[in-house]
Amino acid sequence: VQLQASGGGLVQAGGSLSLSCAASGRTLNNYHVGWFRQAPGKEREFVAATNWNGDTTNYAGSVEGRFTISRDSAKNMAYLQMDTLKPEDTAVYFCAAADVRTNFLALPIIASAYELWGQGTLVTVSS
């Protein structure tokens, strides 16, 4: 499976952006999907994740209530709706996929559990 993230851009604080993650080459149905972000000079951090069928989600505390992760199995896509954006949300956002067979006990929130990564899309939030 190859992943491609898109939808980043420049937005004012308080605004919204919707990121998309397109999968090609194989179905995403056997994968959990996560979003991570990396700000300049900082470590990559977990943002949100959804399990293989979309009925379980997990969010970082810093985005809970503002971001919504979802997936569309028919389109082989995943999404991250970002509302009430803050300048501290500025980062490159990556979508990633973790094989259900190696992560069947819990929805992973650490980057090392995800073996497939997209190229990242830049989100810049101005104050």
Side-chain angles (χ1 to χ4, degrees):
V1 177
Q2 292 184 319
L3 305 177
Q4 183 168 356
S6 62
L10 174 64
V11 64
Q12 288 189 329
S16 298
L17 277 176
S18 181
L19 304 184
S20 298
C21 179
S24 60
R26 200 181 304 177
T27 178
L28 264 183
N29 292 345
N30 297 324
Y31 294 86
H32 305 307
V33 174
W35 286 93
F36 292 78
R37 66 187 182 187
Q38 188 165 17
K42 294 189 176 181
E43 297 287 320
R44 188 169 299 189
E45 65 174 0
F46 169 76
V47 175
T50 181
N51 72 331
W52 66 276
N53 67 357
D55 68 359
T56 300
T57 57
N58 199 339
Y59 296 91
S62 59
V63 307
E64 188 149 22
R66 300 188 297 121
F67 290 13
T68 304
I69 188 171
S70 62
R71 63 190 299 164
D72 186 330
S73 296
K75 295 182 178 179
N76 220 24
M77 299 277 293
Y79 306 95
L80 184 68
Q81 177 64 38
M82 305 185 296
D83 298 318
T84 319
L85 282 160
K86 304 176 181 180
E88 52 263 43
D89 294 319
T90 295
V92 176
Y93 284 71
F94 300 87
C95 62
D99 195 317
V100 170
R101 292 167 294 182
T102 53
N103 298 278
F104 56 89
L105 291 178
L107 181 57
I109 63 171
I110 58 173
S112 60
Y114 290 79
E115 60 264 36
L116 302 173
W117 290 83
Q119 85 288 2
T121 185
L122 176 62
V123 172
T124 304
V125 184
S126 62
S127 56

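Side chain of N51 to main chain of L107: no donor-acceptor pair is present (N/O by atom type, distance under 3.5 Å, no hydrogens or angles). Using modelled atom types, one side-chain atom of E115 and one backbone atom of D99 make a donor-acceptor pair closer than 3.5 Å. Of the possible donor and acceptor atoms, one in the side chain of R66 sits under 3.5 Å from a partner among the backbone N and O of T84. Within the 3.5 Å criterion, the main-chain N or O of Q119 finds no donor-acceptor partner in the side chain of Q4.
Residues D89 and M82 form no side-chain contact, since every pair of their non-hydrogen atoms from C-beta on lies 4.5 Å or further apart. Taking the side chain as every heavy atom from C-beta outward, Q81 and S70 never approach each other to under 4.5 Å. The side-chain heavy atoms of R37 and E45, taken from C-beta on, include a pair separated by under 4.5 Å. With contacts defined as side-chain heavy-atom distances shorter than 4.5 Å, the pair H32/P108 qualifies. Using a 4.5 Å cut-off on side-chain heavy atoms (C-beta onward), L28 and L3 make contact.
Checked against the 6.0 Å centroid threshold, Y114 and F36 count as a close aromatic pair.
Screening D83, L85, T57 for a side chain to side chain contact (heavy atoms under 4.5 Å, CB included) with F67, the sole residue that qualifies is L85.
Distance check, rounded to the nearest 0.5 Å: CG of N58 to OG1 of T50 gives 10.0 Å.
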